[in-house]
There are 2 protein chains.
Amino acid sequence: MTKEVSKIADKISQVQTTLAVINGKWKLPILLSMYSGISRFRDLQRNIPNITTRVLSKELKDLEASKLILRVVHDTHPISIEYKLTTYSFTLTPVVDEMIKWGKQHSKGNL
Amino acid sequence: MTKEVSKIADKISQVQTTLAVINGKWKLPILLSMYSGISRFRDLQRNIPNITTRVLSKELKDLEASKLILRVVHDTHPISIEYKLTTYSFTLTPVVDEMIKWGKQHSKGNL
DNA sequence: CCGAATCCAATATGATACTG
DNA sequence: CAGTATCATATTGGATTCGG
C-alpha cells in the first residue's frame, strides 16, 4: 500500500483550517443567502434573521479577505454596492450541503 | 413539480443548527481524536495541539450535552474515566470529512 | 441605501496553579 | 489521572448613532 490514511494530526489541522474560514454563526448563512442570489447589503440583512449591520459589515469584510466574495462598487446615483461570490466560494458547497443535511436531521427529533 | 428546493430561510436555520453544535475551534478536533480511538482526558490533551485542560474540560461537557459522547467512570484504582463516542456522533462524519477535504485544498496554494 | 463609529455585554480562549 | 479555580485577554455579538 502506497496510499495511506492521513495522520490524525493532519486531519485536525485541516478541519481547523476550514473552521477558521467559516468560523462563527454568520459566514455560512451569508454565503447561503448569496448562493440564492442576494447581493446587496440591505437585502442580505433583511434575509438573514437577527443579523445586525455591524456584524454583517464585519463578516463581509472577513469573507472578502478569505477571497470568498468580492465587493463591487457601481458608480450610479447613488452609489450601489454589490457583493459577488467568487468561483472559489463554490468549492465550499459540499461542506455547506452536508451541514444543511445534518442540521435537518438533528432538529428532527433525534437523540 | 411537487419536489422543490428548501427555502433559503430553512437552509440558514439548518446550518445554524449544525454550527451551534460544532461551534468553536475544538469540538471537531476532539471528535477526530476520538474517532481515531483516543478516549482518555490526558491522551486527548496530548493528541490535540495547544488545547488546555480548561478548554478540553468544557468542550467535553458540551459534547456530552449534545449527546455526541458519553462519560464513563470505571471503578478502578485509581478511578479511570473513559469518553466514548455515541453512535449518533458518527452521523457527523460526512460533515467532518468534507471539512477535512476542503481544508486540505484550501491550504494547498489555492486562491 | 450602505455602511462606519462607538460603546458595551457576553462568550471563547488561554496561562497557570492547584486538588482529590 | 482527571479535572477545577482563578485570572486575563481576545473575539463575537448587539444596540444605537452617525455620515456620505
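Quick note on labels: first sequence line is chain A, next is B, and so on, each numbered from 1.
- Atom CD of A:Gln45 is separated from atom P of C:dC2 by 10 Å (rounded to the nearest Å).
- When every heavy atom of B:Ile79 is checked against every heavy atom of B:Asp75, the shortest pair comes out as CG1-OD1, 4.4 Å.
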| query | Hey, mind stepping through B:Phe41 and B:Ile81 against side-chain contact (heavy atoms from CB on, under 4.5 Å) and telling me if it holds? | reply | CA-CA 8 Å; B:Phe41 193 94; B:Ile81 295 183; over 6 Å; no
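- In the set D:dC1, C:dC2, D:dA15, D:dC1 carries the atom at the smallest distance from any side-chain atom of B:Arg42.
- C:dC2 atom P lies 12 Å from atom CD1 of A:Ile38, rounded to whole Å.
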If you restrict it to nitrogen or oxygen atoms, what contacts under 3.5 Å exist between nucleotides 18-20 of chain D and the protein, and what is each distance?
none

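- Within 6.0 Å of atom CG in A:Asp43, more than 12 heavy atoms from other residues, nucleotides or ligands are found, so the atom counts as buried in its surroundings.
- Projected onto DNA chain D by closest heavy-atom contact, B:Ile79 and A:Lys27 fall at different nucleotides, the more 5' of which corresponds to B:Ile79.
- Residue pairs satisfying the salt bridge (charged side-chain N to carboxylate O under 4.0 Å, His left out) criterion with at least one member in residues 87-101 of chain A, sequence neighbours excluded, are listed as follows: A:Glu98-A:Lys101.
- Under the rule for a side chain to side chain donor-acceptor pair (under 3.5 Å), the partners of A:Lys58 that lie at least two apart in sequence or sit in another chain are A:Asp62.
- Side chain of A:Arg40, nearest nucleotide from C:dC1, D:dA15, C:dT13: C:dC1.
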| note | With B for base contact, S for sugar-phosphate-only contact and - for none (protein heavy atoms under 4.0 Å), nucleotides 4-9 of chain C reads B-BB--
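- The aromatic rings of A:His106 and B:Tyr88 lie parallel to each other, their planes meeting at an angle below 30°, with 60° marking the opposite boundary.
- In this structure, A:Asp62 atom CG and C:dG3 atom P are separated by 15 Å, rounded to whole Å.
- The phosphate of C:dG14 has OP1 or OP2 within less than 4.0 Å of a side-chain N or O from B:Trp26.
- Applying the side chain to side chain contact (heavy atoms under 4.5 Å, CB included) criterion to B:Leu19, with sequence neighbours excluded, gives A:Leu28, A:Pro29, A:Met99.
- Separating the CD atom of A:Gln16 from the P atom of C:dA12 is a distance of 17 Å, rounded to the nearest angstrom.
- Neither OP1 nor OP2 of D:dC1 sits under 4.0 Å from any side-chain N or O of B:Tyr83.
- For the pair B:His77 NE2 and C:dG20 C1', the interatomic distance rounds to 15 Å; values are reported in whole Å.
- Residues meeting the side chain to side chain donor-acceptor pair (under 3.5 Å) test with B:Thr53, sequence neighbours left out: none.
- When the P atom of C:dG3 is taken as reference, atom CG of A:Asp43 falls 11 Å away, rounded to whole Å.
- A salt bridge does not link B:Glu64 with B:Arg71: none of the charged nitrogens is closer than 4.0 Å to a carboxylate oxygen.
- Summarising the geometry, the separation between CD on B:Glu64 and P on D:dA2 is reported as 15 Å, rounded to the nearest angstrom.
- Atom CG of A:Leu56 is separated from atom P of D:dG13 by 12 Å (rounded to the nearest Å).
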